[in-house]
Amino acid sequence: MTEYNFAYLDEQTKRMIRRAILKGLAIPGYQVPFASREMPMPYGWGTGGVQVSAAVLTPKDTFKVIDQGADDTTNAVSIRTFFQRTAGVATTTTTSDATVIQTRHRIPEEPLHEGQILVYQVPIPEPLRFLEPRESETRKMHSLEEYGLMHVKLYEDISRHGHIATSYAYPVKVEGRYVMDPSPIPKFDNPKLGDMAAIQLFGAGREQRIYALPPYTQVVSLDFEDHPFEASKADHPCGMCGATDSYLDELIIDDAGGRMFVCSDTDYCEVRQAAGHKRKDAA
Amino acid sequence: MIDLSNVSKSFTLHNQGGAVIEVISNVSFAVATGECVALTGASGAGKSTLMRMIYGNYLTQAGEIRIGGLDIVRSEPRDIIKLRRDVLGYVSQFLRVVPRVPTLDVVAEPLRALKVPADEAQDRASALLTQLNIPERLWSLSPTTFSGGEQQRVNIARGFAHTYPAMLLDEPTASLDAANREVVLSLIEDAKARGAAIIGIFHDEAARTHVCDREIDVGCFTPGMVA
Amino acid sequence: MTPLLSVQGITKRYGTHIGCADVSFDLYPGEVMGIVGESGSGKSTLLNCMAGHLTPDAGQVVFDTRTDGPHDTITMSEPERRMLGRTDWAFVHQHARDGLRIGVSAGGNVGERLMAVGERNYGDIREKATDWLGRVEIDASRVDDRPTTFSGGMQQRLQIARNLVTGPRLVFMDEPTGGLDVSVQARLLDLLRGLVRDMGLSAIIVTHDLAVVRLLADRLMVMKTGRVVEAGLTDQVLDDPQHAYSQLLVSSVLQV
């Protein structure tokens, strides 16, 4: 333990990141620039989320990491181990036990409670980027609330596919002010963003941006009157716990095209299975 | 309706050593409603120049040109544009139009500019084109490809589409056959009858004596010539 | 009658070089004004100063706003000016690609201004976009095609539709027919004339093409080395130019 400062980053850096986080919480949805550090992992592996986690972790915290909902995939395991070694904090896979949860591309199924912090890994924080490549211009558009372009993206979706085909990183408007990219979570998770009891922090390492949603923030998914937002998921029950209300991953299980749908949130699925829930129609 | 007093015009050719050419000096005359006045004079006497000055196309150096009370020598462009739209018509010798616009629309345009509904304007245009013997199969084509005589008749139809209270006609009967010449003369007679004040240039003497009440020899106003 | 746009003493310098100097004029509703001059005469600088793309060193650009009457757009706040740029003003670029979103469908291009002013009904937006494509003579079946698949003339017409969909009152045009074939130019000119007449638009057109201003503009300003050397009724300036430079400009045009 002595070879690292608590949670890897030095205290000055953590202070700088905490300031960015506080500013982000004060202006929900606003992207705060911060001096992202080199981390001992490549960009795209959650360097933004890791820095935010490092800045908010205290020795008494219990830490959980999920990658696409799972606690046991490479990204989740390596980040969990990283903080075990550098911070010595307790870790868990149980959503309700965790005080800090770092996530890649999902929000846990179990509703979070007050006192918890959800840290998102963000690849591209700028929702306007794909239509307006100039950073100077997108900043101006945010500051002047010129968000017509965001709807152009949705318009293009409908004109091409007949419906809004954007299924993840679905843009939202925060407290009627800033348009925000919720990170590449499935749009199924969008309704959970709003009015959440936990603090939500978003870190983009490569892009050097932090933004945040304080508890109980109003978050509205953008849409058209005649094409309202819909939180969609695969129309199946979970193949392992039978849940009908959770977001599902599609698994290919043999060479004959056999497939099954299972909860992407492994903790949620395991808790249900332990409580005796089974898939009703075994197949 | 049209009043000229002490009107003078000169051209300064800056790119030819600043030569100043006096074209017309001290023109004064008036044309009343329902009257048609012919401008006469030798070629180069300044008939067309004077007509262009009255239309505001050429700048007037001195004097007053009042049309329906507006002195166009001292008017803002927008007032002249309004005058041309509502009050003052001009049939030039040349048809100048946007290529590819159908003949019917070319003729109807002065009415459309006055916010006359499209169908009403086209009805009026159709009637005039029929009267001037432009075959209906040509109406949907651009007049830019027409013969000289046809273009001239389209130009006249356009000029008479709106019932202007004042009109300037530059050689309206030139290059027309006898039948069409008669049509044009009757259009002029009709305009006079409804009270239009008309100034025209007619090389065709018979036409001139037929429709004009008076003649004004522009040569009298040409500097250097003895009146 | 209040001028729609009142330009007073606009001056823009680039270091010691003069972009444009002390330009003043009033533009009234429904008027179309042409600005001609050779390259470097300052006509584009002037246009960009008026349209808010450049900040002049001196002068006022007073626009008669719908809600509050005349306001100097130079000293107006940026959000207000940008709002004007999406509603009452339109800007048609010489190169359609500068004025279009090239990765977005024709319908999306036309719909953007509607969405920018808060329209949120997909069906309505699409209907208006399709209607405007028709008005600029682009077949409705092309509504989902990207402008990259359009010819130069179609791209320019699409840019015009995109600009006019919110019913602006003042259109700035920078060489709108530049770079197009002569036959395509004629079609575009006819279209613009019709739109200007039917919508009662006011327009300021910068061009070096005297034929374009003769057909489109009621009034004309001739610029040379940043200054206005002559102004007046378009046909009067072209047929009876007074200033030495205007005479040279007019006499330099090939007669066809």
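Keep in mind that the numbers below use all heavy atoms, side chains included, and drop hydrogens, waters and symmetry copies. It should be emphasised that the depicted structure is a prediction, and the values quoted were computed from it without experimental measurement. Each chain gets a letter, A, B and so on, in the order its sequence line appears, and its residues count up from 1.
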*Assess whether atom CZ of R19(A) is packed by more than 12 heavy atoms of other residues, nucleotides or ligands within 6.0 Å.*
no

*Quick one: are H151(A) and E119(C) in side-chain contact, heavy atoms under 4.5 Å?*
no

*Just wondering, are more than 12 heavy atoms of other shown residues or ligands nearer than 6.0 Å to CD in E230(A)?*
no

*Take E156(A) and R126(C) through the test salt bridge (charged side-chain N to carboxylate O under 4.0 Å, His left out) and record every step on the way to the result.*
CA-CA 11 Å; E156(A) 290 292 284; R126(C) 194 173 172 80; over 6 Å; no

*Can you tell me if CD on E127(C) sees more than 12 non-hydrogen neighbours from other groups inside 6.0 Å?*
no

*Other residues, nucleotides, ligands: >12 heavy atoms within 6.0 Å of R18(A) CZ*: yes

*Any idea how Y122(C) and F224(A) line up, ring-wise: parallel (<30°), tilted (30 to 60°), or perpendicular (>60°)?*
perpendicular

*Which of V152(A), D226(A), L144(A) touches chain C most, by non-hydrogen pairs under 4.5 Å*: D226(A)

*Should L149(A) and E112(C) count as side-chain neighbours, where that means a heavy-atom distance under 4.5 Å?*
yes

*asked:* Could you measure the distance from the OH atom of Y155(A) to the CG atom of L114(C)? Nearest 0.5 Å is fine.
replied: 10.0 Å

*Quick one: pull up CG in D145(C) and OG in S159(A) and give me the separation to the nearest 0.5 Å.*
10.0 Å

*For D245(A), does the CG atom sit with more than 12 other heavy atoms under 6.0 Å from it, leaving out its own atoms?*
yes

*asked:* If you count heavy-atom pairs within less than 4.5 Å of chain A, which of V104(C), N121(C), N109(C) leads?
replied: N121(C)

*Can you find a heavy atom in the side chain of M150(A) that is under 4.5 Å from one in the side chain of M115(C)?*
no

*Greatest number of heavy atom pairs closer than 4.5 Å to chain A - which of G103(C), G108(C), G118(C)*: G108(C)

*asked:* Side chains of M83(C) and E146(A), heavy atoms from C-beta outward: is any pair under 4.5 Å?
replied: no

*asked:* With a 6.0 Å cut-off (strictly less than), is the heavy-atom count around OH of Y216(A), excluding the residue itself, greater than 12?
replied: yes

*Contacting region of L131(A) [heavy-atom separation from chain C under 4.5 Å]*: both

